[in-house]
Amino acid sequence: MKVMLRMNDAGNLTVYVAKKDLEEEVVKQTDGESGKILTLANGWELEFREIPNAANLPQTVEAKRLV
């Protein structure tokens with residue numbers, strides 16, 4: 001699924017999923033088998049092959065929902 005990564009006003013990484021009209025803050029980042037796994041405040045886990053540098057945000061990237 002396509003998601004947009006951006007930094008919010010508090011400087012925290014957030015994920016916006018347009019198809020679900022969902023915007024959540026990232027509460028945890030871990031390394032997975034195929035890349036980075038971001039855990040959102042609502043409990044979703046999304047896997048990314050690579051996460052762009054914070055200086056290059058906002059940016060739309062491909063993610064895979066794990067939970």
Side-chain angles (χ1 to χ4, degrees):
M1 78 173 75
K2 296 270 186 195
V3 301
M4 182 170 45
L5 297 175
R6 70 176 192 90
M7 301 301 277
N8 65 12
D9 294 334
N12 299 319
L13 183 63
T14 61
V15 176
Y16 176 69
V17 184
K19 287 190 173 191
K20 301 288 184 184
D21 193 28
L22 171 78
E23 185 168 17
E24 291 288 337
E25 210 169 275
V26 174
V27 295
K28 183 171 131 184
Q29 291 187 36
T30 55
D31 291 323
E33 295 177 14
S34 301
K36 286 277 191 191
I37 298 173
L38 301 184
T39 304
L40 307 183
N42 68 352
W44 282 21
E45 290 184 345
L46 300 176
E47 185 173 47
F48 298 83
R49 288 191 182 166
E50 60 182 60
I51 296 177
N53 188 333
N56 297 332
L57 297 179
Q59 190 169 349
T60 301
V61 294
E62 188 69 30
K64 178 180 175 185
R65 184 174 173 196
L66 302 177
V67 175

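All residue numbers in this chain count up from 1 along the given sequence.
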Checklist entry - Under 3.5 Å, is there a donor-acceptor pair between the side chain of E62 and the main chain of M1? => result yes
### Task
With the side chain counted from C-beta on, respond yes when E47 and I37 share a heavy-atom pair under 4.5 Å apart, and no when they do not.
yes
Looking only at heavy atoms, the pair that brings V61 and F48 closest together is CG2-CE2, 3.5 Å
dist L38:CG -> I51:CD1 (nearest 0.5 Å) comes out at 4.0 Å
Distance col, row N42:CG vs K20:NZ, nearest 0.5 angstrom, shows 11.0 Å
(request) State, with a plain yes or no, whether a side-chain heavy atom of E25 is found less than 4.5 Å away from one of L13. (result) no
One should read off an interatomic distance between R49 CZ and K64 NZ, to the nearest 0.5 angstrom, of 9.5 Å
Donor-acceptor pairs under 3.5 angstrom involving side-chain atoms of residues 26-35: please list them, not counting sequence neighbours.
residue	atom	partner	partner atom	Å
D31	OD1	K36	NZ	3.1

Output for pair (L5 CG, N56 CG), nearest 0.5 Å, gives 11.5 Å
Subject >> Side-chain heavy-atom pair Y16, R6 within 4.5 angstrom cut-off >> reply: no
